[in-house]
Every structure is written in C-alpha cells, then in structure tokens.
2 protein chains.
Amino acid sequence: MSREPEDNTIAARIARVLAERIVHGELAPGARLRQDHIAEEFETSHVPVREAFRRLEAQGLAISEPRRGVRVASFDLAEVREVAEMRAALEVLALKHAGRHLTPAILDAAEEATREGDAAADVHAWEEANRRFHRLILTPCAMPRLLASIDDLHAASARFLFSAWRSGWEKRTDHDHRAILAALRQGKAEEAASILQKHVQWIGRAPQPAQKGGERQAFAIVG
Amino acid sequence: MSREPEDNTIAARIARVLAERIVHGELAPGARLRQDHIAEEFETSHVPVREAFRRLEAQGLAISEPRRGVRVASFDLAEVREVAEMRAALEVLALKHAGRHLTPAILDAAEEATREGDAAADVHAWEEANRRFHRLILTPCAMPRLLASIDDLHAASARFLFSAWRSGWEKRTDHDHRAILAALRQGKAEEAASILQKHVQWIGRAPQPAQKGGERQAFAIVG
DNA sequence: CTTTTCAAAATTATAGATAATTTTTGATTC
DNA sequence: GAATCAAAAATTATCTATAATTTTGAAAAG
C-alpha cells in the first residue's frame, strides 16, 4: 500500500491498490468492497473510496449495483477469450503503428525483458517481464487512447493468469517473443504483428498439459 | 436533462447528461467543468458530480488534473484517426463473432437503419441511424466488454463528427452499409468484416470536397 | 426442520461543512 | 504600459453527518 509518486489524489491511490489486490487474487471474484471498511483501512472518508470504485468499474475489475454495493468482478472462460481477442486486435494495431519508430535500443530492451521472462522463478516475475516486453514494443505507436485500453486488458489478462496459476511455475523459452523481435529487426512489422496476433489469441484456447495437483485448467493462459 | 430509466444513481444521470453535451459540442473542448456549478444545476451536492467526472474521464471525454479541476477533453486529427483505427479493429472482431448469430430479422432492421440514415435531414439524425446500424450487426457477438469499448469509441466518433459538421448536411447513399448487409446475407462474414474495416478506417483519412462556406475540414468524418 | 416475518444492524448514497489549493483581481512598482 | 505581488475570491479535495435502503439474524409460525 505504498505511496507511488503518480498517486496524486487519495482516490487514485486507493484505486491502484485495490486494482493490484484484485489482479493478484487477494480479493476474490464476488467479494464485496465495503466503502466504510476500505475508508477505515486507508484512513480516509468514504468519498475518495467511492471515486476509486468508479475507476475500478471502468477497468472491468469491479461491478457496482446501485444501492447494493460494489463487488469484485467475476469472470469465466468466455471473458478470458474475449480479453485475449481484444488484446490481439489492439496490440496488432499498436505494433503496426509502432513499427517505424522502433529503435535498436528498444528492441534490445525487449530482448532483455524476454530473457528475464524465461528466467522468471514464479508467475509474478514472468508476468512483469512479459508485460514489459509488450509495452516496450507497443509504446512507440504514440496512440495514448489505444495504449490505455491495452493496459486495462493486460490487467485483466494478468488477473486470469494469476487465478489459474497460483503455484507450480515452470520456466519456458518464449519462442514467440523471439520470433517477433527477429521480424522487427528485419523491418518486417506486418510479419511481427501476425506472430503477435497468434501469440495473444492463444490465451484461453489451446489445451494445456494438466499440472501435478490436478487443479490446473486445461487452457493456455500465458501470452 | 430528462430522467432515463437506466439512471439508477444521480452520478449516472449527471455522467450521461454531461457526456451528451460534450458529444454534441454544447460543451467546448477545454471548457472547465466546475463541480459546484454542476451540482447546483442538478440540485445535488458535488459528491455525485465528482463520481460522474471519473466516468467521463474513463470515456476520454474529460481530463482531470488533480487540484486543478476537470476540463472537457480536447482532440486533434491524430485522435480522430486513432479512434477510427481502434473502431475498425474492434468492430471487425465483433462482426466476425456476431456473424453466426445474425438473423434475417436483425439484417432487415439494419437495412431499415441504413435507409433512415440515407434519408436523414441533419447530421444528428444520420449519426443516430448510423450508430443503430453498427450496433444491430455487432451486438449478437455477445462480448460485453468489447461492445462497451465500441460504444465509448462511437461516442468519441460522434463528437468529432458533430464538431466538424455543425451545418450543411447533404443526403448520401451509404453503399458500404449495403455491401456489408449483402455479404452478411450470403453468410460471408469475413468479406463483410473486410468492408466494415475499410468503411470505418476511412474516417479522418481521405480528402473530402470542401463545403460551401470554406470552414469544412478536408477529411472524411462519417462512418 | 424449514419457511416467514420483522426489527436491529450494517451499508450505501447524498448532503452539508471545512481545510487546502488555485485563480483572479487590483494595487504597486519599474 | 507591462510586470510583479498580495490579498480576496473561487474552487477542489476531503471529512463528518444524515437519510434511505439493504442485509442480517433471531423469533414465530407452519
């Protein structure tokens, strides 16, 4: 619950912290978010809490029913797929526009993020590196509205990932990321976009070998 | 400022009315939104007004600077194009998924919307019919998050349209809409999606014959 | 043992009040 | 006349209080 510099208002800080908790699964789907309790925890009144709720609602992380309160949004396989398809469509668009503006320095940083992802010891470290990779190659498109939408979709994606993969992370080599970088280095933005599209659409689609413990969902959840 | 049935909270009603005013250009880009003044107009306290502001912010219709207040978002040609490209990407996705679920009744209703758009006497009537067409053929995709994003982009699109085209509407026959419907009637969802993509991407791109009065922007703004 | 009812407790939504900050305005100086 | 400064006014962000609604839970009825 630390204070980040971009927390200009109390409402922004509360929204950020609650979003983190929802994404990391500390707040379960369907859990009620009681404004007075949260206000007490953050040592504020409930007014900024209610403003934070509106932000979470817009991100799709919470559902508000008038007079009935706010709950952590639930989700199902259909929504995992919906978010994956939206990400595929929007990230492809972003990459096509970013293409011309990508520098060798950016691609090197993206390769480093890929290596860190491959070496990640747990799912949280992998997600952080994965998100950094995607953000690095997409940010140069300079389309703020598009990037904001993609960020929200990444939060939803991360939430699905963490809910499915609480333990038992296995290191894996991300061949897709490497193929994307190779294509970008050759200036083949369209080809890179095509690989990126399949890479992200994979989420929620393909069967996945069941993990030890048997509580694994049989669907790919990385990307 | 009438009370719609879906206005469950005061904040929702304020957000809807302010969004309408911004989209219709009654509130100019950069105009300050003073919470006390709006609260007085709606005969409420400023608490629900602030919550409405958070909703407008999420829709990209307003910009909030902490301690400095909220302003109507400004926009430029780059954002018109950005919104057009996002709409193209997301509407194509929605149409591909809606394809299987489209019934003759829906397509008939969409054709009627197209006819109404062609016959529209002013830009507002045209926009209403156009939005109805897009919504009719996309809603059956049953992807709520995707449809919500498309709705927000349509609001932005309508705003750009109204700002550029305050007067001097000329009737036009929408050949794209008819081609989309023809493809859908033949079950060619991919072909329909391809026409839809070009139809929407047109916005903000192609030169447009200057209108009498000379205050016309030289870019297509319909779609 | 389950269902219904109803009052108590909890919770939401809104209003009213206050502290902190920004903007405006008008006098003053250069 | 333009620039500077400070006090006044306006505005934002937040807190405290209150009314309205929902939820809870225990007693009564079937």
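In what follows, chains are A, B, ... by sequence order, proteins preceding strands, each numbered from 1.
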inquiry  = Let's go through A/Glu85 and A/Arg81 carefully: what are the C-alpha distance in whole Å and the side-chain angles of both, what is the deciding distance for salt bridge (charged side-chain N to carboxylate O under 4.0 Å, His left out) to 0.1 Å, and is it a yes or a no?
reply    = CA-CA 6 Å; A/Glu85 301 243 34; A/Arg81 286 181 176 161; over 6 Å; no
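- In this structure, A/Glu51 places its CD atom 16 Å from P of C/dT12, rounding to the nearest Å.
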request  = Start with the C-alpha distance between A/Glu57 and B/Arg54, add both sets of side-chain angles, then the distance that settles salt bridge (charged side-chain N to carboxylate O under 4.0 Å, His left out), and finish with yes or no.
outcome  = CA-CA 10 Å; A/Glu57 234 187 316; B/Arg54 298 290 91 79; over 6 Å; no
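- Residue A/Leu33 holds its CG atom at 5.5 Å from CD1 of A/Ile22, rounded to the nearest 0.5 Å.
- For the pair B/Thr114 (side chain) and B/Ala110 (backbone), a donor-acceptor distance under 3.5 Å is present.
- In this structure, A/Arg34 places its CZ atom 13 Å from P of C/dA13, rounding to the nearest Å.
- Residue A/Val47 is the one, among A/Val47 and A/Arg71, whose nearest nucleotide of DNA chain D lies closer to the 5' end (criterion: closest heavy atom).
- Here the range on DNA chain D touched by chain A, meaning any atom under 4.0 Å from one of its heavy atoms, is D/dT14 to D/dT23.
- Remark: P of C/dT14 and CG of B/Asn8 are 10 Å apart, rounded to the nearest angstrom.
- Side-chain contact, A/His177 with A/Asn130: a donor N or O sits under 3.5 Å from an acceptor N or O.
- When rounded to the nearest whole Å, the span between CD1 of B/Ile10 and P of C/dT12 equals 17 Å.
- Checking side-chain atoms of B/Thr139 against main-chain N and O of B/Leu136 turns up no donor-acceptor pair under 3.5 Å.
- Here C/dA9 presents its C1' atom at 13 Å from CZ of A/Arg32, a figure rounded to the nearest Å.
- Residue A/Leu33 contributes atom CG, which lies 9 Å from atom P of C/dT12 at whole-angstrom precision.
- Remark on DNA chain D: of its neighbouring residues A/His46 and A/Thr9, the 5'-side contact belongs to A/Thr9, judged by nearest-heavy-atom nucleotide.
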